[in-house]
Structures are given as structure tokens and as C-alpha cells.
Number of protein chains: 2
Amino acid sequence: MPRSTRPGARRADAQHSVEKILDAAIDCLSRNHDASVVQIAQAAGVGRVTLYGHFPSREGLVEAALAHLLERGEEVLSGLDLTGEPAQSLRELIDSSWLLIAQSGAMLEAAQKVLPPGRIHELHAGPEQRVRELIVRGQAQGAFRDDLPAAWLASALHHVLKGTAADVRSGAMTAEQAPEFIAQITLAAYAPQPSCSNRP
Amino acid sequence: MPRSTRPGARRADAQHSVEKILDAAIDCLSRNHDASVVQIAQAAGVGRVTLYGHFPSREGLVEAALAHLLERGEEVLSGLDLTGEPAQSLRELIDSSWLLIAQSGAMLEAAQKVLPPGRIHELHAGPEQRVRELIVRGQAQGAFRDDLPAAWLASALHHVLKGTAADVRSGAMTAEQAPEFIAQITLAAYAPQPSCSNRP
DNA sequence: GGTAAGTCGAACAGGCTTGTACGAGTTATG
DNA sequence: CATAACTCGTACAAGCCTGTTCGACTTACC
């Protein structure tokens, strides 16, 4: 089992195989929560035993695929300049995040079923922190409301992004207007509120 | 197979069995997307063959359980008086919906995997329409923004409710403050916006 | 060009599911 | 109380999935 040696020692075609498998896994799992290993292998144009030669188990494959997916997303998001006006930065962050989430589809849900919860939360720390930091900065500058925890505001946005992506996948909504709609609703929700509460 | 006769002809204990099975199915499927028939039967304190005596297949059971769940929810929601001030009515609707969604848990996701999409959308028409009508009324009265479709505003609320319920289930959030948080964020998002757009 | 690395298909074992069948026991109901 | 309805356990067939083994074939790399 030479696959256990360091990655650099892998032959070029082997490396190419794992990439094909990873891409196929993301593609298949995004469409079907519990795609079987044989389905993924077929989509990758690879034998099932070859797949098992590179990944210890289905769970290991899902984890690697999720990590690969989030890694690609992180590359996109890290290229963004979020130091400008908070509202505008949030808009850009929403636009980019929308693309990523819409593409990844149900891949995350697939992972949620197989991987331990802590592992997923761990892999998601990056994107979540990026949004939260932007919110905190906006709160400090008075651009966003500060009567609610930044973590909650961030999670609400995450839910809307994820849910709307699911709607689009099921054909209940068109993808074009989605990011603009999400941005408008989010900016309104994040806006500073009048200090007086209308509830005693 | 006397179960195929009209419901009134069922013996009392048989009727009791189907209720136990239905409750157990809702309970199990809310915690585990793909709970097996044997798991549900055990939770209901009933033999597997007895379950198959009342339901034709696993799919039939899931459908019946979802219908039963939404029926119970509809009873709760239909008791609400939503004719008052839109914002206050929305608050009450959110509170009640939150309880229902938090209880039902992942049951819906389970159904989403087994039942044809049209069937689910059909069963969900009731709650969705109730929220949408309230939003439309609020828009007409000037209490809610009308620059976005009511259906979108409703779906966004639905996503936040569902996602936050999932967070609570996974322990990432406490259930107590959740409905108040959701209400605040939703009311802010629904509030009428200044006519001038800050984007050319 | 030789060798190790990689791939392939077929096949097996083990497990879990669904759905059905049978026979015997229990209980509600008239 | 007698009967039909109901329930139960066990067992079976069929299918799918995972993970592993084997031998043979192809291909990259030194």
C-alpha cells in the first residue's frame, strides 16, 4: 500500500486519480446525500477498488471531499477585500458565499449525516469566523445593530443562504435574483435599531 | 387483512396501535433521517409485522407520519388570531411556528428524502400560505416592505426558523432566546425600507 | 527497459434493509 | 363466551452497500 507514504512520493497518475475522485465525490454528494461509493467511483471514471486504494472508507472519502470543497471556498473568500464600508463588504461577501453555497449544494448535508458534528463545525470555523468578524467590525463602527450577538446574526445569514440555495435546487426559486434578495433582507435585518423597544 | 376496511370498523386497540406507531415514527424520524422500520416499531412498543399490518410500506408510513404531524401543527396555528397589528401577529405566528418546528425537528428532512417533492410541497401549502397572507396584509397596510415578493420574505423566515432549530438540536444555541431573536431579526428585515436605493 | 506503483474486474463475506409468510397466542367486541 | 380481529416472534427471500482479497494487466518513472 504505497499510498500511505508521503504525498510527494505518489505517482502523477495516482495523484490525478484522487483529484478525479474528490471532484466526483463533491459532484455526486451535492446531488444525492447518500451516493454510494460505486456511484462516486463510476462518476470519477475509476474502479471501486482504486478508490479504496486512496481512501480508507466512505467516511474518509466524505471528509476529504468536504475539506477539499471548503479549501477551494476559502481560496475564493480570502481573496476578498472586506476592509471597506461594512455594508458594502457584506454585500460582496454574500455574493461570493452565495456562489459557493449554490455550487456545493447538498454536499454539506451529506457530510452532516456521516461525519461527527464536531468535525464539521471545525471545518466550518473559517467561513463562519470571516462573517462574524465583519459583523463585529460593523457593530463597532455603528453600521450594524449591536443588540444581538454577532454569532447569531451570522448564523441567520448562513441559514438563509443555505435554505435559498436548496429552494433554487428544487426549482422553487430562480438563482439570478437570489443574492440580491438575500443582501437586501440581510442588510435590513442587520441595520441599527431604534434604541426604544416597542415591547415592554 | 381487515385493516383495509373503513377506519370505524377497526378495533380500539388497533387504532391505538397506529397512533403509537405514528407518534413513534415522528419521534424517531425527527432524530434520525433514515430510522429503520424496526427502530420505529421498537419505539412504538410494537412488532414489525404489526406495523406492516397497518402501513403498506416504509414510504407509506413516512407519508402518514408527516401528514399527522402537519395536521397537529395546523390545529395549533389555526387557533391563532392574526387579524390584529401585522407586526404583533407575526410575532405570535413566529412563536407558535418555532415550537412546532423545534419539536418536529428533522422529520421534514426525512420525508424530503423518501416522498416525491410534489407531495411535500402539497402538504406544506397550509403553513406557507398562512405566513404569506399575513405578509401580504402587512404590505398592504404599509407595515411591511413591499419591494420584495411576499413569498420570498416568507421563505426566508422559514429558513431561519428551520436552521435555528437545527442549531438548537446540535447544541450550538439555546432554545430559550431563539424565538425572540428570530422575531427581532425578522421584523427588522420586513420593515419598510427608505425609497432611495443606495445602489445605482 | 525493468521494476515498482497503480489500476482493473470479479468475487467474497458480512451486515443491514425492506417486505412477506407462517403459525400460535392474545384480546376486544358482539 | 365464542369468534373474528389483532398481535407476536421467527424466519425467509431479495437487494443493496461496505470493505477486502486475489490475480492479471497497464503505466509511470528511474
Side-chain angles (χ1 to χ4, degrees), chain A residues 1-25 28-29 31-66 109-111 113-116, chain B residues 1-25 28-29 31-66 109-111 113-116:
Chain A
M1 45 187 79
R3 61 197 171 281
S4 62
T5 56
R6 65 196 188 287
R10 263 193 299 223
R11 239 169 60 174
D13 56 345
Q15 181 63 28
H16 188 226
S17 282
V18 314
E19 286 171 4
K20 279 194 301 181
I21 292 172
L22 244 31
D23 288 340
C28 288
L29 292 173
R31 281 194 293 252
N32 183 7
H33 297 204
D34 38 24
S36 67
V37 175
V38 49
Q39 285 176 319
I40 296 174
Q42 279 179 350
V46 121
R48 199 165 60 98
V49 302
T50 300
L51 191 153
Y52 275 108
H54 291 294
F55 300 94
S57 66
R58 187 179 184 278
E59 178 177 342
L61 170 61
V62 173
E63 178 168 342
L66 179 61
E109 300 173 16
K113 275 187 47 182
V114 178
L115 267 45
Chain B
M1 45 187 79
R3 62 198 173 279
S4 62
T5 58
R6 65 197 188 288
R10 264 191 301 220
R11 242 170 58 177
D13 56 345
Q15 182 61 28
H16 188 226
S17 281
V18 313
E19 286 171 5
K20 279 195 301 182
I21 293 172
L22 244 29
D23 287 340
C28 288
L29 292 173
R31 282 196 292 252
N32 184 6
H33 298 204
D34 38 26
S36 67
V37 175
V38 49
Q39 285 176 318
I40 295 173
Q42 280 178 352
V46 121
R48 198 165 61 96
V49 303
T50 300
L51 191 154
Y52 275 107
H54 292 293
F55 300 95
S57 66
R58 187 180 184 277
E59 179 177 343
L61 171 60
V62 172
E63 179 168 342
L66 180 61
E109 300 172 17
K113 276 186 49 183
V114 178
L115 266 44

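Proteins get letters first, then strands, A, B, ... in listed order; numbering begins at 1 in each.
- Taken from CG in Leu51(A) to CZ in Arg48(A), the straight-line distance is 9.0 Å, to the nearest 0.5 Å.
- Straight-line distance from the CD atom of Gln15(A) to the P atom of dC29(D): 11 Å, rounded to whole Å.
- Within the structure, every side-chain polar atom (N or O) of His16(A) is placed at least 4.0 Å from both OP1 and OP2 of dA28(D).
- The interatomic distance linking His54(A) (NE2) with dG6(C) (P) rounds to 7 Å, in whole Å.
- Val49(B) comes within 4.0 angstrom of a nucleotide base, judged by non-hydrogen atoms across all strands.
- Comparing dC17(D), dT18(C), dT7(C) against the side chain of Ser36(A) picks out dC17(D) as the nearest.
- A distance of 9.0 Å separates OG in Ser57(A) from CD in Glu63(A), rounded to the nearest 0.5 Å.
- Taking only side-chain nitrogens and oxygens, Thr50(A) comes nearer than 4.0 Å to OP1 or OP2 of dC8(C).
- Between Ile40(B) atom CD1 and dT17(C) atom P the separation is 11 Å, expressed in whole Å.
- Listed candidates were dT18(C), dC17(D), dG19(D). Nearest to the side chain of Ser57(A) is dG19(D).
- Atoms CD (Gln39(A)) and C1' (dC17(D)) sit 11 Å apart, rounded to a whole Å.
- The distance from atom CZ of Arg48(A) to atom C1' of dC16(D) is 11 Å, rounded to the nearest whole Å.
- With DNA chain C read from its 5' end, the first of the two nearest nucleotides for Val38(B) and Asp13(B) is the one closest to Val38(B).
- Among the heavy atoms of the strands lying under 4.0 Å from Gly45(A) are primed sugar atoms or P, OP1, OP2 only; no base atom is included.
- Phe55(B) approaches Gly60(B) most closely through the heavy-atom pair CD2-O, 4.4 Å.
- Within the model, atoms CG of Asp23(B) and NZ of Lys20(B) stand 10.5 Å from one another, a figure rounded to the nearest 0.5 Å.
- Candidate nucleotides dA28(D), dC6(D), dT29(C) were compared by shortest atom distance to the side chain of Ala12(B), and dT29(C) ranks first.
- Side-chain N/O atoms of Ser17(B) include one lying less than 4.0 angstrom from OP1 or OP2 on dT7(D).
- Distance, Tyr52(A) OH to dT7(C) P: 16 Å, rounded to whole Å.
- Separating the CD atom of Gln42(A) from the C1' atom of dG9(C) is a distance of 13 Å, rounded to the nearest angstrom.
- Between Leu22(B) and Leu61(B) the shortest side-chain heavy-atom distance falls below 4.5 Å.
- Rounded to whole Å, the distance from CZ on Phe55(A) to P on dG19(D) is 13 Å.
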